[in-house]
Amino acid sequence: MTLAIVTTRAGLGLEAPPVQVEVHLANGLPGLTLVGLPEAAVKESRERVRSALVNAGFDFPNTRRITLNLAPADLPKEGGRFDLPIALGILAASGQLPVEALEGIECAGELALDGKLRGVPGVLPLALATKAAGNRLIIPQACADEAALAGRELTVLPADSLWEVVAHLLDQTPIAPHRLATPPAASAPMADLADVRGQQQARRALEVAAAGGHNLIFAGPPGTGKTMLASRLPGILPPLADDDALEVAAVRSVCGMALETHWGQRPFRQPHHSASAAALVGGGSKPKPGEISLAHHGVLFLDELPEFSRHVLEVLRQPLETGEIHLARASHERRYPASFQLVAAMNPCPCGHLGDPRSRCQCTQSQIQRYQARLSGPLLDRIDLQVEVPALPPEQLTAHTQGEDSASVRRRVLAARQRQQQRGALNSRLSGKALEAACALDDDERAWLAGVLEKLRLSARAYHRVLRVALTLADLEGAPKPVQPHFIEAIGYRQLDRMLKGG
């Protein structure tokens, strides 16, 4: 046999496209040629594979001309994951391994010079794609637990060395399928809302944001609890469903992050305000997901919002609407999930004391205007809840009484989300027709809302945001549809301009 084909997958983001490793042995000048758009680490696999085969006790066909093709040829290949499939392909093409033994098998792994297998990054997306294809997966022992997260439908065969893999394929020493000893569970503690003193309006807005999946911004002087409130949002959100937990884990896997610590918990990402646009949306010479993809199904918290570059903030506008990132570059194209809740905190001015009765603002009018101008109208239009967080009176700050805990608030959030599930989507994601049908506005309500829209000069997008928030308020109360008090409260969450002017 002079031709063998081994299936593996490229480590390109979350898609893990299949790659066929084709090995052809022919007569001619001895040598090894590797084609198929390999990058440097893949090209170096020639020397790792040669040494691994020899040191593991196999014959390397030094007297033959070896051609390795990684198909499809136009797909970039990177990393050491191709070592194992290349070695198996050479063994099959040289007759040391039956070609039939490779049917229904996918594999990935980096080889040490002595034939040992080393782990590779991004195993979970590879495992999920292998499960979808109905194949078995041979993987290094170090990656077995991560691959097993894909579910019991996938047969995971872990090995420590090339010899173990070959012995299994020859039916000499079968490898037992790997199963997780215990199901993954979240181990990181979550902050409790009971720690927050006072701030009833901000707490109410946080509950509304959790119930309807709405974006939220807190504005107020420093030290009023904006960051503390935002960090409590994951604790009142529903736990992740199994499929959503796998999506979150797949993004973390591609980024080389631990999966077990926060398993099943909503992500909470808090990038520094010096972060670049690429750090936020993803990209780079070797493309990786950015902060908004790491916040998928969770919360992206931007503290000191106006301190971010305006260009960086503007890149959020499209993913806030579409729930995904599409990166198109000259050499590659990637899609990353980005269905996240945006929560932001900001001071009203550079010194932070505009409108603060405790301290006088020291900023000039031009400084305030430049500071606030970093937030564009289209971006603010996409933030449903805009809430003032004033300084607490001393008697509230020193009081012994605690606020309502996260568990109690979460129960109301879960009940509201169950009502939304019957509509088919969270209120923040409802389309125009579905939103109008759920609100069921009568003629008087339409006329009243039209007058309010004209007076406040709200855009069409802001109008639909008001409807969505009002619908969430009705869901929290168990009302069949929103009524005027709900609309009044929802409109009250659109008054950021008044707050920033210190009014």
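Excluded from the calculations below are hydrogen atoms, water molecules and symmetry mates; all remaining heavy atoms, backbone and side chain alike, are included.
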Using a 3.5 Å distance criterion without hydrogens, assess whether the side chain of [X] forms a donor-acceptor pair with backbone atoms of [Y].
X	Y	value
R266	H297	yes
Q199	R204	no
K131	A150	yes
K226	P221	yes
D83	S45	no
N135	T130	no
Q386	L380	yes
H296	S293	no

side-chain contact (heavy atoms from CB on, under 4.5 Å) partners for E404, two or more places apart = R203, S408, V409, R412

Which residues share a side-chain contact (heavy atoms from CB on, under 4.5 Å) with R310, sequence neighbours left out = E314, S376

Do [X] and [Y] meet the criterion of a side-chain donor-acceptor pair at a distance under 3.5 Å?
X	Y	value
H178	D145	yes
H272	S274	yes
E489	Y493	yes
Q20	T7	yes

Validation row: [X], [Y] side chains within 4.5 angstrom (heavy atoms):
X	Y	answer
V6	C107	yes
L216	L233	no
D356	C361	no
L467	L430	no
L206	F218	yes
R461	R382	yes
L441	W448	no
M190	P234	yes

May I ask you to check whether over 12 heavy atoms, not counting those of [X], lie within 6.0 Å of atom [atom1]?
X	atom1	value
R152	CZ	no
E304	CD	yes
E454	CD	no
R457	CZ	no

So which pairs with a foot in [range] pass salt bridge (Lys or Arg N to Asp or Glu O under 4.0 Å), sequence neighbours left out?
range	value
residues 430-443	E436-R446
residues 361-371	none
residues 270-283	none

For a quick test of reading the model, state the closest non-hydrogen atom pair linking [X] to [Y] and the distance between them.
X	Y	result
A108	L84	O-CD2, 3.9 Å
L426	G213	CD1-CA, 4.2 Å
V387	A202	CG1-CA, 4.0 Å
V248	P267	CG1-CG, 3.7 Å
P238	L414	CB-CD2, 3.4 Å
P306	M346	CD-CB, 3.5 Å

Residues in side-chain hydrogen bond (donor to acceptor under 3.5 Å, both in side chains) with [X], at least two apart?
X	result
E146	S253
R136	none
H214	D384, T472

Go through the steps to decide whether S339 and R429 satisfy the test side-chain contact (heavy atoms from CB on, under 4.5 Å), and finish with yes or no.
-> CA-CA 10 Å; S339 179; R429 297 290 182 183; 3.7 Å; yes

Report the residues that fulfil salt bridge (Lys or Arg N to Asp or Glu O under 4.0 Å) with [X], sequence neighbours left out, ordered by chain and then residue number.
X	answer
D195	R232
E307	R374
R335	E324
E247	none

Kindly assign one of parallel, tilted or perpendicular to the pair H273 and F308, based on the angle between their ring planes and the thresholds 30° and 60°.
-> perpendicular

Nearest 0.5 Å, please: how far is [atom2] in [Y] from [atom1] in [X]?
X	Y	atom1	atom2	value
Q420	R468	CD	CZ	11.5 Å
L70	L37	CG	CG	9.5 Å
F340	L294	CZ	CG	11.5 Å
Q341	L300	CD	CG	11.0 Å
E39	E78	CD	CD	5.5 Å
L124	L14	CG	CG	9.5 Å

Paired with I491, the side chain to side chain contact (heavy atoms under 4.5 Å, CB included) test is passed by just one of L453, L456, V469, namely L456

From CA spacing to verdict: side-chain contact (heavy atoms from CB on, under 4.5 Å), R465, D381 = CA-CA 8 Å; R465 302 278 174 186; D381 249 2; over 6 Å; no

In sequence, state the C-alpha distance, the side-chain angles, and the governing distance for R81 and L126, and then conclude on side-chain contact (heavy atoms from CB on, under 4.5 Å).
-> CA-CA 11 Å; R81 65 179 56 216; L126 180 150; 3.2 Å; yes

Check the pair Q318, V281 against side-chain contact (heavy atoms from CB on, under 4.5 Å), reporting the backbone distance first and the verdict last.
-> CA-CA 11 Å; Q318 185 177 359; V281 303; over 6 Å; no

